[in-house]
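Below you'll find the structure, written out as structure tokens, and then a few comments.
In listed order, ligands and their atoms are each counted from 1. Being a predicted model, the structure only gives us computed values, none of them experimental. All residue numbers in this chain count up from 1 along the given sequence.
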Amino acid sequence: MRTRPQNVVTENARLVEVDTSHWFDALLEHTPLRPGPLAAPPAGSGLKPVIGDRGLPFAGLGINTVRHGPAFQLQLMHRHGPVSWWQAFGRKVVAASGPDAAREVLTNKDKAFASGWPAVIGPWFDGGLLAMNATEHLTDRRLMQAAYNEDALAGYLRRMAADADAYVARWPEGREFAAVPALRTLSGQMTTMALLGVPYETEGRKVMAAIEQCIRAETALARLRVPGTRWHRAHRARHRLLTHLAGEVPAARMRAGEDFLSVLSRLGDAFGTEGIARHMLFTLIASHDTTTTAAIAAVYFLGKHPEWQRRARAESMALASMPPGLARLRGLGTLELIVKESIRLVSPSPISMRMTAKDTDILGHFVPSGHLVSVCTAVNQLLPELWPEPHRFDPDRFAGSRGEDRANRLAWLPFGAGPHKCIGMHFGMAKVKATLDALLRRFSWSFPATYEAPWRFTSLPAPSDGLPVILRERA
Ligand code: HEM
């Protein structure tokens with residue numbers, strides 16, 4: 001097994017190599033791999049078997065996945081190539097890594113790949129675009145596009161940027177606090193007026209708490225609807241949310257507001273009230289944790305790289321007299337580079353999950369129907385053949401002449417690719433920039449040179465220590 005030295009000494013090394021400096025990880029590295037084929041290819045097909053690792057009985061290499069995320073998948077790719085498989089908690093998952101394998105699966109030319117999310121996380125995306133397939137998906141996505149056009153985004157961002165300023169003003173100065181929960185709460189505070197037209201302080205807080213219940217249930221191992229369990233509580237929260245959102249649709253349609261629910265409700269009757277509620281619920285789920293994770297990553301890297309923080313702040317201050325919103329955010333070119341690089345290194349949604357709808361192959365490797373396929377998009381963002389010194393935080397790699405992201409269209413994939421590519425990409429980038437712009441204009445912060453965030457990958461990536469930070473009045 002490829003191991004790394006006992007001590008992490010290089011910047012972001014544990015994002016690209018499995019870190020064995022903790023005794024538990026050193027022990028995990030000695031897990032027997034028990035390699036073997038996924039399935040025998042049909043006789044005469046000329047296809048090769050997918051080779052992968054079974055690992056421990058039942059758990060397989062699931063714990064390695066949670067602790068090391070993309071670094072574990074890079075290791076798998078080094079062992080078996082761009083198409084492999086591993087067992088995680090009783091399931092065999094095919095890993096498609098590197099640009100060629102990602103292209104084959106995500107573009108889905110042969111219609112062999114359906115959404116794999118419902119099979120992995122449960123019913124939490126049901127009725128949302130990411131759980132839909134084929135014509136139903138295409139039809140709903142086309143209709144929803146109008147809720148993401150330039151005018152609609154300008155409306156959402158006016159509100160979000162103003163709310164970011166207002167809520168960040170309440171953050172503590174001069175004492176240590178955990179940035180992860182604070183940024184998660186801020187994401188909710190920026191969401192409820194812009195997406196639902198309700199203030200966070202009253203109704204919004206309850207809605208976001210219920211959304212978080214659904215999000216946390218996605219990774220539950222115990223999935224019985226037994227009262228008292230996380231799974232059961234999340235089901236009840238989802239039911240309440242759907243009823244509540246459906247009840248809001250008629251008023252949202254009438255008020256001609258700038259919020260997402262109002263815009264979506266005016267798109268016509270094609271979805272029906274229940275359909276709007278389901279799309280709205282998925283939009284809330286899809287937008288909340290992803291943008292939070294992107295903001296966490298950027299806060300971390302800005303704290304590690306004061307020179308970039310100064311550059312970004314200078315730009316934010318220069319535009320501070322402009323009204324909050326899309327136009328001002330578009331002027332923040334340095335921040336754009338910083339966010340792109342932050343989500344290259346720590347991809348908020350590091351895999352795209354698919355399920356084979358029929359027997360197929362990936363790069364000539366046989367994958368039978370009914371198998372989960374994880375497109376390891378974050379792996380592509382860390383490959384040395386696509387990104388020189390991939391572990392280094394270097395936002396300029398996205399700038400003008402270098403444009404390392406443009407050399408291969410499947411190299412930078414934080415928002416996925418193909419028919420399910422994130423429809424909220426511009427919205428998401430703008431929201432994260434609004435968060436950082438508000439922080440930069442008010443505070444400065446730094447992390448010790450020796451500090452390396454302990455990223456974990458149970459759900460979306462997050463530092464397990466909550467990212468302790470001390471904010472200082474802007475220097
Ligand atoms: C930095 C923030 C974000 C990241 C990194 C992100 C990432 C992604 C990724 C990787 C996918 C595709 C997943 C797959 O192929 O399996 C996706 C899909 C989606 N995202 Fe985002 N997202 C972000 C923000 C948002 C926001 C703000 C919204 C809405 C307001 C949103 C709504 C959606 C929707 C509706 C889909 C499903 C699209 C479809 O299936 O056609 N996302 N996102």
Side-chain angles (χ1 to χ4, degrees), residues 96 102-103 105-108 113-121 124-145 147-149 152-153 155-157 159-160 183 187-188 190-192 194-196 211 218 259-261 263-264 278-298 336 338-340 342-355 372-378 380-381 410 412-436 460-461:
R103 184 180 298 107
V105 181
L106 292 179
T107 54
N108 198 13
F113 301 98
S115 174
W117 289 109
V120 174
I121 61 164
W124 313 110
F125 291 1
D126 285 4
L129 286 179
L130 206 44
M132 292 179 164
N133 294 301
T135 316
E136 183 196 28
H137 168 254
L138 214 66
T139 310
D140 278 24
R141 185 167 166 124
R142 281 206 187 111
L143 281 166
M144 287 194 78
Q145 207 72 55
Y148 291 93
N149 69 23
L153 283 194
Y156 314 143
L157 263 304
R159 189 69 228 192
M160 282 193 157
L183 285 164
S187 167
M190 291 167 70
T191 293
T192 61
L195 267 71
L196 299 173
I211 292 292
E218 289 169 11
D259 59 283
F260 193 96
L261 181 61
V263 173
L264 192 61
R278 282 197 289 269
H279 277 303
M280 189 68 239
L281 178 51
F282 176 67
T283 304
L284 288 164
I285 291 176
S287 64
H288 179 47
D289 251 22
T290 47
T291 51
T292 303
T293 301
I296 293 167
E336 177 94 7
I338 290 166
V339 176
K340 282 184 165 175
S342 300
I343 61 177
R344 178 189 70 81
L345 278 162
V346 178
S347 199
S349 186
I351 55 167
S352 285
M353 196 52 92
R354 300 292 183 265
M355 168 83 87
L372 285 172
V373 178
S374 166
V375 182
C376 303
T377 49
N380 292 19
Q381 299 174 188
L410 279 294
W412 188 74
L413 294 173
F415 297 97
H420 286 284
K421 182 173 181 176
C422 181
I423 193 172
M425 177 168 87
H426 299 297
F427 190 172
M429 284 295 290
K431 180 182 168 193
V432 177
K433 283 169 73 179
T435 307
L436 298 166
L460 301 193

Does ligand 1 have any atom sitting under 4.0 Å from a heavy atom of Pro419? yes
Checklist entry - Is there a donor-acceptor pair closer than 3.5 Å between any side-chain N or O of Ser115 and the backbone N or O of Leu130? => result yes
Going by the 4.0 angstrom heavy-atom rule, the piece of Arg141 near ligand 1 is side chain
- prompt: Are the side chain of Gln381 and the backbone of Ile343 linked by a donor-acceptor contact shorter than 3.5 Å?
  reply: yes
for atom 36 (C) of ligand 1, nearest protein heavy atom and its distance come out as Phe282 CE2, 3.9 Å
Ligand 1 to Gly428, heavy atom cutoff 4.0 Å, flagged ligand atoms 27 (C)
| So do Arg354 and Trp117 actually touch side chain to side chain, heavy atoms under 4.5 Å? | yes
protein heavy-atom neighbour closest to atom 26 (C) of ligand 1 works out as Ser287 CB, 3.5 Å
Candidates Ala131, Pro414, Pro348; heavy atom nearest atom 7 (C) of ligand 1 found on Pro414
- Message: If we ignore hydrogens and angles and just use 3.5 Å, is the side chain of Ser187 paired with the main-chain N or O of Leu183 as donor and acceptor?
- Response: no
Could you walk me through whether Arg159 and Asp259 pass the side chain to side chain contact (heavy atoms under 4.5 Å, CB included) test, one step at a time?
CA-CA 9 Å; Arg159 189 69 228 192; Asp259 59 283; over 6 Å; no
Note: ligand 1 atoms sitting under 4.0 Å from heavy atoms of Ser349 are 10 (C)
Of all protein heavy atoms, the one nearest atom 33 (C) of ligand 1 is Ala286 CB, 3.8 Å
Take Phe260 and Tyr148 through the test ring pair (Phe, Tyr, Trp, His ring centres under 6.0 Å) and record every step on the way to the result. CA-CA 9 Å; Phe260 193 96; Tyr148 291 93; 5.4 Å; yes
Closest to atom 18 (C) of ligand 1 among protein heavy atoms sits Cys422 CA, 3.5 Å
key: ligand 1 contacted by His137 (non-hydrogen, < 4.0 Å)   = yes
A student checking ligand 1 against Thr283 at a 4.0 Å heavy-atom cut-off should list atoms 29 (C), 30 (C)
Heavy-atom proximity to atom 29 (C) of ligand 1, picking from Tyr148, Phe125, Phe260, Phe415, points to Tyr148
Notebook entry, point to check: With a 4.0 Å cut-off on heavy atoms, does Lys431 reach ligand 1?
Noted result: no
Atom 40 (O) of ligand 1 has as its nearest protein heavy atom His420 ND1, 2.6 Å
For Gly416, the atoms of ligand 1 under 4.0 Å from one of its heavy atoms are 10 (C)
the protein heavy atom lying closest to atom 23 (C) of ligand 1 turns out to be Thr290 OG1, 3.4 Å
Numbered in order shown, the ligand 1 atoms found under 4.0 Å of a heavy atom of Trp117 are 14 (C), 16 (O)
Honestly, for Arg354 the part within reach of ligand 1 (heavy atoms, under 4.0 Å) is side chain
Ser352 heavy atoms within 4.0 Å reach ligand 1 at atoms 13 (C), 14 (C), 15 (O), 16 (O)
Near Phe427 (heavy-atom distance under 4.0 Å), the atoms of ligand 1 are 30 (C)
Please say whether more than 12 non-hydrogen atoms of neighbouring residues, nucleotides or ligands are located less than 6.0 Å from NE2 in His137.
-> yes
